[in-house]
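Below, chains carry the letters A, B, ... as their sequence lines are ordered, and counting in each starts from 1. Just so we're clear, the structure is a prediction, and the values are computed from it rather than from any experiment.
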Protein chains: 2
Amino acid sequence: MCMNNKLNSYSEDQRRVLNAWVKLNRATESVGQSDRVIMNEHGLTISQFGAMETLYHKGPMCQKELGDKLLRSGGNMTTVVDNLERGGYINRLRDENDRRFFKIQLTQKGIKKIEEVFPKILANLTNRFSVLTKQEQLSLSGLCKRLGLGIK
Amino acid sequence: MCMNNKLNSYSEDQRRVLNAWVKLNRATESVGQSDRVIMNEHGLTISQFGAMETLYHKGPMCQKELGDKLLRSGGNMTTVVDNLERGGYINRLRDENDRRFFKIQLTQKGIKKIEEVFPKILANLTNRFSVLTKQEQLSLSGLCKRLGLGIK
DNA sequence: TACACATAGTTTAACATTAAACTATTACAC
DNA sequence: GTGTAATAGTTTAATGTTAAACTATGTGTA
């Protein structure tokens, strides 16, 4: 039926990997985009929410560490932290022991915002993941952890 | 030990969902970023590769359809297709039956490029997914498909 | 001390991405 | 037929994102 039979030219192993990658990507984007709509309704971007959520749950840290946790480049962290600072959600505190570092910490306004938005994101995630059983959620976690870290 | 015990304030159900979401995101980003390095070495961005790969495997289509498949906005497709057209990788063909549409199709240069780069991406994916058994890859596909589409 | 090297952060150019407002074209109801 | 709604695509403003070159600061060694 299909005019394009190029996918048939790949081995079974290759098709299985391609299919897994496409499904993984689509699931991540689909859930992520439903989160984004909620964040936007509260005036935050995905990156801003991600940075604020990390600072909220893991405490103050420097930009480099934040970028490492969020898998983002240093230049990108400068941009995102600039915009959060302009919005009054975070402060940059120069580390006087080692002046290369800033300690990034949430302001009261930032704490209030993340405490307002995070429960709504959590509710959305709980809803999205409710199509999987508890065991399936644990299974997905385990598979993704190994895939992300390269652990057999 | 940890100064921030906020995560302990969530229910077991909530922590399981949060953990699954973090792991899913990290795995997708980790694999995606390894793909990106390869694409960049060949002068393509992730979006450009994604559009060309879709056109290659599914045949010519209009921008809207391409955007639907890639989960991207219409405005974004204009940008990406503009840049691909400027690079000589695709052509816009006006549909004379319904002049609202363009048919986007790969040029010979585009076909040559995707046939050069796609095998390297496929090799990288095969390598990254090799930490999972065949059964685990199939299991991951199934879980992600249901999560992405909201199917119990 | 001086100099090489490493690390944190910034800047720039190029491209990606969205929402929203917009144009052009087609479909449909009356 | 005419007007209204729907659809494909474009534009704009704002933000995100990277790589690469850069500044500032600290480390370590000769």
### Message
Expressed as a whole number of angstroms, how long is the span from Leu66(A):CG to dA8(C):P?
### Response
13 Å
### Query
Under a 4.0 Å N-O cut-off, is there an ion pair linking Arg36(A) with Glu29(A)?
no
### Basic-acidic side-chain contact under 4.0 Å: Asp35(A), Lys120(A)
no
### Task
Starting from P on dT17(D), measure out to CE on Met39(B) and report it in whole angstrom.
17 Å
### Task
For Leu44(B), report the nucleic acid contact type (base, sugar-phosphate, nothing); a contact means any heavy atom under 4.0 Å.
nothing
### Query
Atom CZ of Arg36(B) and atom C1' of dA14(C): how far apart are they, to the nearest Å?
14 Å
### Message
I need the CD-C1' distance between Glu96(A) and dG26(D), as an integer number of Å.
### Response
14 Å
### Query
For the hydrophobic clusters of this structure (ILVMFWY residues joined by side-chain heavy atoms under 4.5 Å, transitively), does one cluster hold both Leu93(A) and Ile111(A)?
no
### Message
Measuring from the side chain of Gln48(A) (C-beta onward, heavy atoms only), which nucleotide among dT18(D), dA19(C), dG16(D) has the closest atom?
### Response
dG16(D)
### Message
Under 4.0 Å, counting only non-hydrogen atoms across every strand here, what does Leu84(A) touch: a base, just sugar-phosphate, or nothing?
### Response
nothing
### Query
Parallel, tilted or perpendicular for Phe118(A) and Tyr10(B), by the 30°/60° rule?
tilted
### Query
To the nearest Å, how far apart are His42(B) NE2 and dA19(D) P?
16 Å
### Query
Closer to the 5' end of DNA chain D via nearest nucleotide, is it Ile46(A) or Asp98(A)?
Ile46(A)
## Note on the structure
The salt bridge (Lys or Arg N to Asp or Glu O under 4.0 Å) partners of Glu136(B) (sequence neighbours excluded) come to Arg146(A)
### Query
Would you say the side-chain atoms of Asp98(A) pair up with the backbone N or O of Phe101(A), donor to acceptor, closer than 3.5 Å?
no
### Query
Under 4.0 angstrom, heavy atoms only, what part of the nucleic acid is Ser73(B) near: base, sugar-phosphate, or nothing?
base
### Query
To the side chain of Ser47(A), which of dT18(C), dT18(D), dT17(D) is closest?
dT17(D)
### Query
Side chain of Gln14(B), backbone of Ser11(B): donor and acceptor closer than 3.5 Å?
yes
### Query
Whole-Å distance between dT15(D) C1' and Asn83(A) CG?
6 Å
### Query
Which parts of nucleotides 2-14 of chain D does protein reach within less than 4.0 Å, heavy atoms only, written one letter per nucleotide 5' to 3' as B for base, S for sugar-phosphate only and - for none?
----BBSSBB---
